[in-house]
Amino acid sequence: MSVRHGLLALLSRGLRYGYQLRAEFEASTATTWPLNIGQVYTTLSRLERDGLVSRDDQGGQDGQDEQGRVRYAITSEGRDELDRWFAKPVSRADRPRDELVIKLAMAVTTPGVDVAAVIRAQRSATMRSLQELTRALRTLDASTEAAQRLVVDSMIFHAEAEQRWLDHCEAVLARPSEENP
Amino acid sequence: MTETRPPDRLPAPDAEPVVRMTGVVRVHGEGTGAVHALRGVSLDVPAGELVAVMGPSGSGKSTLLNLAGGLDRPTEGSVVLEGRELRDLSQRRLAELRRRSAGYVFQDLNLIPSLTVAENVALPRELDGVRTAKARAEATAVLEEVGLADLGDRFPDDLSGGQRQRAAIARALVGRRRLLLADEPTGALDTRGGDEIIQVLRQRADAGAAVLLVTHEPRYAAWADRVVFLKDGQVADSSAAGMETAR
């Protein structure tokens with residue numbers, strides 16, 4: 001994924017200027033995924049190159065309006081690509097590797113590292129972000145778009161899973177040290 | 001708050017936490033069989049704050065809760081509830097302070113099935129010696145606060161799990177108790193029921209109660225202003241929300 005597919009999804013709702021795409025992308029991900037405008041235009045030009053979006057002809061050169069702005073439209077190839085994306089489950093292997101998992105694996109095997117302290121520090125930090133996310137969710141009122149709630153919910157579930165995993169690590173690592181101190 | 005306090009209660013200045021535990025040690029049993037449930041825990045729970053206590057089973061969570069509310073006495077250290085050092089109180093005075101100051105919510109709430117919800121909630125006040133009509137009025141008010149205004153005439157068995165637990169919270173709060181102690185109150189509930197309960201606890205804290213919540217669910221602990229992790233009877237670490245500078 002895919003800012004690419006995110007932009008295609010937004011364009012499937014109708015014509016959009018680049019700055020609109022950026023604002024709508026951020027709004028629907030509850031501003032948890034900030035995009036800079038450069039990323040938006042880079043992505044649009046690649047989508048255009050691949051024939052997935054096109055410039056809406058507004059009379060000026062390269063489809064520009066009188067203010068020199070370009071409006072983009074999704075093509076039928078773009079719609080096919082979007083349908084394929086929605087239909088295909090995300091593979092766990094496609095996601096970026098988790099630095100925390102690597103860090104703990106290294107901490108366990110590297111002499112002289114206080115693994116319990118690494119876990120404790122992480123657990124406090126993860127709980128703090130879980131608290132902040134929960135607070136963010138509380139401040140979303142009932143009129144907030146479902147998409148934004150779902151994004152925050154997802155981050156809450158991830159943080160919660162990480163918290164449980166850290167508890168599990170602590171419990172597993174505590175066992176051998178009790179048997180041979 | 002403008003409420004008038006009963007004359008026998010010490011005024012608790014705002015700066016003073018509702019509960020202050022200092023260097024609390026609790027040992028169960030003696031000699032070789034002694035179990036150190038708590039090994040020197042200090043914890044303040046101020047008015048308006050929700051504090052969650054987490055930790056593996058056997059880490060001392062429930063012991064901490066029982067000591068905070070005067071259900072148990074420490075082996076060493078000090079517990080000050082609403083300005084009173086519990087060590088200095090006779091059993092009778094302790095029972096009185098406990099009844100007036102602290103309310104408890106457990107996983108297996110014990111509402112009396114043959115009493116209506118409103119009667120259940122009014123019961124602690126009637127035991128306090130408050131007239132029935134006044135106790136009922138207080139029960140109605142607190143039931144409204146937990147969103148059960150219309151269900152006071154029902155019997156506990158007619159309510160959902162979440163509603164029953166909210167009734168138990170109402171009973172714990174009735175009579176303006178400022179300390180709410182909740183031991184795994186979401187434990188027996190599904191996600192939706194659990195969410196209802198944590199929201200009520202949060203609202204009670206926002207309304208000025210001091211709330212101490214024992215839970216093993218990170219997602220409920222995350223509603224707290226502060227999360228304390230207990231391990232082997234000691235505070236392993238704690239995390240406060242909003243302590244980091246804004247990004």
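We name chains A, B, ... by the order of the sequence lines, and we start the count at 1 in each one.
Looking at A/Gln131 and B/Arg226, their side chains never come closer than 4.5 Å, going by heavy atoms from C-beta outward. The closest side-chain heavy-atom distance from B/Phe229 to A/Arg120 is not below 4.5 Å.
Here the CD-CE distance, from A/Gln163 to B/Met54, works out to 6.0 Å after rounding to the nearest 0.5 Å. Note: B/Trp223 CH2 to A/Leu137 CG = 7.0 Å, rounded to the nearest 0.5 Å.
In this structure, A/Arg164 and B/His216 approach most closely via the heavy-atom pair NH1-O, 4.4 Å. The minimum heavy-atom distance between B/Ser238 and A/Ser124, with the atom names listed, is O-OG, 4.0 Å. Nearest heavy atoms, B/Ala221 versus A/Met127: CB-CE, 3.9 Å.
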Next on the checklist: Quick one, A/Asp167 with B/Lys231, criterion salt bridge (charged side-chain N to carboxylate O under 4.0 Å, His left out). Give me CA distance, side-chain angles, the key distance, then yes/no.
Outcome noted: CA-CA 11 Å; A/Asp167 286 344; B/Lys231 199 184 171 215; over 6 Å; no
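No more than 12 heavy atoms of other residues, nucleotides or ligands shown are found within 6.0 angstrom of CG on B/Asp153. In this structure, A/Gln39 places its CD atom where more than 12 heavy-atom neighbours from other residues, nucleotides or ligands lie under 6.0 Å away.
Most heavy-atom pairs under 4.5 Å with chain A: of the set B/Ala222, B/Gly55, B/Ala236, this distinction falls to B/Ala222.
By the 4.0 Å N-to-carboxylate-O rule, B/Asp225 lies close enough to A/Arg135 to be salt-bridged with it.
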